[in-house]
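In what follows, every heavy atom counts, from backbone to side chain, and hydrogens, waters and symmetry copies are set aside. Everything numeric in this text was worked out from a predicted model, so none of it was measured.
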Amino acid sequence: MRHEENITLAFLPEPLLAWYHENARDLPWRKTEDPYCIWVSEIMLQQTRVAAVLGYYARFLEAFPSVEALASAPEDRLMKLWEGLGYYSRAKNLQKAARIVAEMGAFPDTYEGLLALPGIGDYTASAIASAAFGRREAAVDGNVLRVVTRLTDCHDDILDPRTKRHVREQLQHVMPAESARVFNQATMELGATVCAPNGPPRCGECPVADFCLGRVRGTAETLPVKTPKKARRIEDKTVFLLLRGDRIALRRRPDDGLLAGLWEFPSVAGALDEKEAPAAVAALGFLPKAWKKKLFAKHIFTHVEWHMTGYTLEVEGDGPPDFVWVNRAALEEHAVPSAFARYYAEAIDHLP
DNA sequence: TAATCGTGGAG
DNA sequence: TCTCCAAGATT
């Protein structure tokens, strides 16, 4: 560890906390010390923007006000509440952990205890331990990594776990015991609003610009250093909106992998043209009656890209046993991911 | 270690 | 339209 870095970070807490006191956003999870509420917020906020979380957070706590309520919730209701928020294993791990906590009778109140719960890693364990229990545990997320690497002019790859460990160690040394609840929040707030991603830092508004090595040396805009990510692969799919009377076909995705356990319109691999599609429909056990529409849609995930060719048609026959047939009202009760948004809207258009 | 796992806002 | 990437965890 370089001596220089310690000196810089030692100056951080006082001006940072003063700035935070005047500039903190008014966020609902900052108004409570209830570990359950804080936990829910931290899981939702993983890789997800504050603006996207706010509505989900309010609806989720309304539906499941306690660990016990979450522990006993039906999975379909849980997934419907998480619909559109992404990273759906978070919701499943949340319920797994709720059942463990309910069984334990109390929320773990230490970093180690929290870390043992499903869906809680190093960052989240530290964040909850400090915000809910006042423990002196430095939480290192993307904001904190950006702030610290700029402050210390550190060019290590922030995707390397060793960099995170190093940053956490440095912060553990300077994090004030009497301000444990807000120090993490303040560092993240600075990274979210001033020392922000996507563009140059707003050093003119920064309370610690005076001793920021990245600013002094002119490297702040190039930090943090991050290894480039791999190119996305493209997957062609053909999606079928199968109409039968006032109903449409849905099927549940497998329990593992992408969009696990969510509902989708039936599809097959490959981009089928008008000549190939009828055979695929017949292979599913249907007799096509009327072809209504063809619709292309693209959806971009983090490292996969779906190119979807969609056909809307009326059919006869039951099809595979795992298909369920839903009317408009029932469709709206199922958790269908945003990847199918264009087809979802199309389905609604064709249902009475 | 490296790949996997969503979505949408911002530039 | 395209790229980046956000309060990460898991395997």
Sugar-phosphate only, base, or nothing, as touched by Lys226(A) at under 4.0 Å among non-hydrogen atoms: sugar-phosphate
Tyr88(A) side chain near dT7(B) phosphate (N/O to OP1/OP2, under 4.0 Å): yes
Sugar-phosphate only, base, or nothing, as touched by Ile300(A) at under 4.0 Å among non-hydrogen atoms: base
Gly257(A) vs Ala51(A), nearer the 5' end of DNA chain B by closest nucleotide: Gly257(A)
Glu75(A) with Lys80(A): basic N within carboxylate O range, under 4.0 Å: no
Within 6.0 angstrom of Lys294(A) NZ, more than 12 heavy atoms from elsewhere: yes
Out of dC5(B), dA7(C), dT1(B), whichever nucleotide has its closest atom nearest the side chain of Tyr87(A): dC5(B)
5'-most by nearest nucleotide on DNA chain B - Asp160(A) or His303(A): Asp160(A)
Touch class at under 4.0 angstrom, heavy-atom based, for Asn184(A) against every strand present: nothing
Trp306(A) ring center within less than 6.0 Å of Phe340(A) ring center: yes
From dA7(C), dT7(B), dC2(C), nucleotide with atom closest to Lys298(A) side chain: dC2(C)
Side chain of Ala339(A) - closest among dG8(C), dC5(B), dT7(B): dT7(B)
Sugar-phosphate only, base, or nothing, as touched by Gly199(A) at under 4.0 Å among non-hydrogen atoms: nothing
Sugar-phosphate, base or nothing in reach of Arg253(A), heavy atoms under 4.0 Å: nothing
Sugar-phosphate only, base, or nothing, as touched by Leu27(A) at under 4.0 Å among non-hydrogen atoms: base
From dT4(B), dA7(C), dG8(C), nucleotide with atom closest to Trp29(A) side chain: dA7(C)
Short side-chain N/O contact to dT7(B) OP1/OP2 from His299(A), under 4.0 Å: yes
Base of dG6(B) paired with side chain of Thr302(A) (donor-acceptor, under 3.5 Å): yes
Closest nucleotide among dT7(B), dC4(C), dG8(C) to the Lys229(A) side chain: dC4(C)
OP1 or OP2 of dC5(B) under 4.0 Å from side-chain N/O of Arg232(A): no
Side-chain N,O (Arg90(A)) to OP1/OP2 (dT10(C)) below 4.0 Å: no
Nucleotide dT10(C), atom C1' - distance to CD of Gln47(A) in whole Å: 13 Å
Check: Thr48(A) side chain, dG6(B) base, donor-acceptor under 3.5 Å: yes
Pair Arg181(A) + Glu33(A), salt bridge at N-O below 4.0 Å: yes
Distance, rounded to the nearest Å, where Leu45(A) contributes CG and dG8(B) contributes P: 16 Å
Sugar-phosphate only, base, or nothing, as touched by Val53(A) at under 4.0 Å among non-hydrogen atoms: nothing
Tyr56(A) six-ring centre to Arg59(A) NZ/CZ under 6.0 Å and within 45° of normal: yes
Sugar-phosphate, base or nothing in reach of Ile120(A), heavy atoms under 4.0 Å: sugar-phosphate
Gln46(A) side chain, from C-beta outward: closest of dA9(C), dG6(B), dT4(B): dA9(C)
Centroid-centroid under 6.0 Å between Trp39(A) and Phe107(A) rings: yes
Touch class at under 4.0 angstrom, heavy-atom based, for Arg162(A) against every strand present: nothing
Rounded interatomic separation in angstrom, taking CG from Leu114(A) and P from dA7(C): 21 Å
